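Report on the structure given below.
To find a chain, count down the sequence lines: A is the first, B the second, and so on, and within it residues start at 1. Just so we're clear, the structure is a prediction, and the values are computed from it rather than from any experiment.
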Amino acid sequence: MSYPNYGSLRMLVVDDFDNFRVTVAKLMQSLGVAAVDMAVNGTQAVRACRARRYDVVLCDFSLGQGKNGQQVLEELHQEKYLSKTSLFAFVSAESSRSVVLAANEFEPDGYFTKPINAKALQQRLERMLLQRDAMLPALRAMDDNSPEDAIAHLQELISNGTRYTTACQKLLGQLYLETENFALAEILYEGVLEGRRVDWAVVGLAKLKQLQGMWEESSKMLREIILENPLCMTAYDVLMADYERRGDSIGLQQLLQKAVKVSPLSLRRNRELAYLALKNNDSPVAAGAFRKTVRLGTNSCNDDIENHLQFGRSAAAVSGDEQEESRDFLRDALINLESLDRRFELSEDEKLQTGLIESRIYLAQGNTRKAKEVLAQTESYMGADGRRQEFETELDRVYALFDLGENTRAKQCLAELVRLYENDQKALEKLDVLLDEPLSEENRAKVKDINREGISFYKNHQYEDAINCFVQARQLFPNHVGIMLNLVQAYTGHIKAFGFSAERMLHCEKVLQTAEQKIDVDNPQFERFRQLRDICRSISQGSRRAPIE
Amino acid sequence: MIQEIHMSSDNVSFPQVLATSVQDMKSSLSMLLSSLETISEQSKELDENQRQACSILHYEAARINSELFQLQLLHKLSKNDLVPQIDEYYLIDTLQEQLANCDSLLEVRGVEVDLQCDEDFSWYFDSELISAVVYKNLVNCARYSKGRVQLLAEESDGQLLISISDDGNGYPPFMLEQAELKQLPEQFNSTHLDHFCNRRIAELHTKQNECGSLSIANGGAYGGGLFQLRLP
């Protein structure tokens, strides 16, 4: 086996180690490679790939300061600097699972582990090149955006018998799905699976079932794979669509948390988790995921100021329950915000938002004086230029005021926001969590759905399910009196049916207390509140007289 | 097995420290091996003593490499965290790759390897794990064979069979006995550990009710040691 076309190849070697770069370059020259370029860091690598097309890029994973190899590949993909006919391989001493899983995220053509000697490197390179050349017509067709041609080439290759059948099948399956050739996709995947159960074919088949609307069957297959092989990251990604379809944002968050635990270095999934947890009002998870998003985003082409601001917001929102964790979040978030203007060109609103969030963090750290000072200072800039602030900025102000206990002003600002944005659903969705009852269409429908579900559990005496349902609803709409009362009723139902439990009673009384602060006699729900309060009191008293185990 | 040892001063766990150190050691080893390669390329100009020293360096470096992999493997096994990543591979690719990895070691020790494997023979396995088993055995052969090794892969009774045989003195009786043990004994040595890891790797490969197995014996193609790995 020897590769005949070295003379026509253009290659890029990326490594911060002179030694390795020179060794590889020498080897390539001895093989007769036409042109070997070098890059010593990620930025140089990206610049080189933008300037010209390479047949092969060999890239170390850790590249010292600046971008790492994964971030290089991420950017090359995103900017489409790599064509389908180009080969990209990592050459790295990093063999830890998290690094390898993260590297695979962007589907490199190879991952060569150092130590690797000249002979082994040459061998693996040649194998990659021979495979590419065999599949070249199909790859070119994909570059030309002609999936039908690519399919025809791959079918021909497979039917003529090729050494690269598996690689062709993987690609062909994807193309069938993209072009909605469902019948052919099914034959392909089922055919592969007849030989042996391999993850990629099961995931492909599950994706096909999704596209055909067979959601349950598909999800069952995917859950089985994850159980058998928790490292199969594509299974998580495909399964997510089912949660999205059902609007199960809590379940989706749990799935993402699991995926992120398995593959902790994925920027994309951490970011998805962060925004989802934010939506679910799960501040500790949001803060943790935003912190990782910010860290992993350093030097990435997907670094975004919004992630940094959200990290600050969710850190400020983490309650005091998790003292130690919360302290860490606050410290890191503050350091991060203070360095923002060095990393980004901040707009006026972003500067104001930074100030408002910093004020909240100071307060959460127990530094009320500094919090007030920063808030006052930031507010003095607001409206100074006669311009109206962006929605997000005003919202940050509302939060800062509430945090500081300036409830009257906070409520005024909130009411003003509701008035200004009454026709903006996206804005309303963000306000809903602060309001007694949601105003956005989406959240109103959600409350209705959850209540309907919970009440039906309650009516069927499935009190545990009813409690879970309303607890989740409360997390989404913490100020909603109706949900609070439903939850109290579910607790009392459980206690009446299954006996007294001190823990449940404690939860129940806590909710009742919160409701009491929200509700006054004019509220149409007041009578119901009063009744439930009486029931709870009599349960408590009864339990003191005759404890039920 | 490796226990979770927590360092008293703070929250650092020993396995974590070890994992980081192993990473660093691998990087260093990578540099060491590449320097050794450079020296070996000039080995024709070296005198016999230098060649001898070079050969020892090669062998020991390869062993460290193998041991480090095993350490990582044991760490994962102790956490019950080793899931084989099965895909289809051509055996010739996997085997040639491992031969290439110990190319200079085999050369300085004057070992000829006879590779017997059909070009188009493929099977389903975790390439990283199986490669490590083959690599480790080739390094052993480089040490214990007199100069001839046969590396063979074929289908046998519906399973993949990888055989590595050499023309050395064969396994000593105590090793053949040890290989029969199903569990690690309380007092174990490094051959116990090697065999334990190899067997776990084999057993992690399952298909329906079958799972992989391995055996060692004396005799084989060249009358020395014979290592056999079977995968369903």
Side-chain angles (χ1 to χ4, degrees), chain A residues 1 17 19-20 22-24 26-27 60-62 91-101 104 111-124 126-128 130-131 161-167 169-170 192 195-201 225-232 262 324, chain B residues 19-20 22-38 40-41 58 61-62 64-65 68-69 72 75-76 81-90 92-93 96-107 119-120 122-126 128 131-132 135 206-208 232:
Chain A
M1 178 191 70
F17 254 114
N19 203 333
F20 189 78
V22 172
T23 311
V24 174
K26 260 196 218 150
L27 171 68
D60 192 1
F61 194 89
S62 42
V91 186
S92 172
E94 289 268 5
S95 60
S96 69
R97 172 187 293 171
S98 51
V99 167
V100 176
L101 282 176
N104 284 342
Y111 195 103
F112 310 160
T113 330
K114 287 184 192 172
I116 187 163
N117 60 29
K119 186 161 182 185
L121 182 64
Q122 182 187 345
Q123 221 175 60
R124 299 201 59 172
E126 288 190 352
R127 233 178 266 140
M128 268 184 9
L130 288 168
Q131 174 172 334
T162 163
R163 207 175 161 69
Y164 310 107
T165 304
T166 306
Q169 283 171 326
K170 285 181 186 174
V192 170
R196 180 75 78 125
R197 196 178 140 85
V198 276
D199 292 344
W200 66 266
I225 297 193
I226 293 175
L227 204 65
E228 272 173 34
N229 178 11
L231 306 186
C232 182
V262 175
E324 199 173 322
Chain B
T20 314
V22 167
Q23 206 59 57
D24 288 346
M25 288 190 259
K26 283 184 108 170
S27 297
S28 298
L29 194 65
S30 170
M31 299 310 295
L32 182 73
L33 282 169
S34 104
S35 307
L36 261 178
E37 295 269 323
T38 320
S40 307
E41 277 166 24
H58 258 294
I64 297 175
N65 193 20
L68 288 176
F69 181 85
Q72 288 179 317
H75 183 213
K76 282 181 194 163
D81 193 23
L82 190 67
V83 192
Q85 301 299 304
I86 309 289
D87 210 338
E88 188 181 8
Y89 301 96
Y90 286 103
I92 191 99
D93 291 353
Q96 273 181 344
E97 204 174 300
Q98 293 321 308
L99 285 175
N101 277 340
C102 26
D103 183 52
S104 16
L105 171 63
L106 295 168
E107 199 183 311
E119 280 277 326
D120 299 319
S122 68
W123 206 261
Y124 295 86
F125 52 90
D126 182 316
E128 193 190 2
S131 294
Y135 177 77
T206 57
K207 182 192 176 191
Q208 279 127 29

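- Taking 4.5 Å as the limit, every side-chain heavy atom of A:F20 sits out of range of all side-chain heavy atoms of A:D60.
- Of the two parts of B:F69, neither the backbone nor the side chain holds a non-hydrogen atom closer than 4.5 Å to a non-hydrogen atom of chain A.
- Two residues are said to be in side-chain contact when any heavy atoms from C-beta on lie closer than 4.5 Å; A:V91 and A:F61 fail this criterion.
- The part of B:T206 that comes within reach of chain A is its backbone (N, CA, C, O), which places non-hydrogen atoms under 4.5 angstrom from that chain.
- Between A:F112 and A:S92, every side-chain heavy-atom pair lies at or beyond the 4.5 Å cut-off.
- Residue contact with chain A, scored on non-hydrogen atoms closer than 4.5 Å, involves the side chain of B:E88 exclusively.
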- Message: Using side chain to side chain contact (heavy atoms under 4.5 Å, CB included), reason through B:Y89 and B:F125 one step at a time and then give a plain yes or no.
- Response: CA-CA 7 Å; B:Y89 301 96; B:F125 52 90; 3.6 Å; yes

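- Neither the backbone nor the side chain of A:R197 comes within contact range of chain B, judged by heavy atoms closer than 4.5 Å.
- Salt bridge A:R163/B:D93: present, at least one basic N to carboxylate O contact under 4.0 Å.
- Contacts between A:K26 and chain B at a heavy-atom distance below 4.5 Å are absent for every atom of the residue.
- Residues A:L121 and A:N117 form no side-chain contact, since every pair of their non-hydrogen atoms from C-beta on lies 4.5 Å or further apart.
- When the candidates A:T165, A:N229, A:L231, A:I116 are compared by the number of heavy-atom contacts under 4.5 Å with chain B, A:N229 comes out ahead.
- Looking at B:Q72, only its side chain comes within 4.5 Å of chain A, counting heavy atoms on both sides.
- If you measure heavy-atom distances from B:N65 to chain A, the contacts under 4.5 Å come from the side chain alone.
- Between chain A and the options B:S122, B:S104, B:A100, B:P84, heavy-atom pairs under 4.5 Å are most frequent for B:A100.
- For B:K76, the NZ atom sits in a packed shell: over 12 heavy atoms of surrounding residues, nucleotides or ligands are nearer than 6.0 Å.
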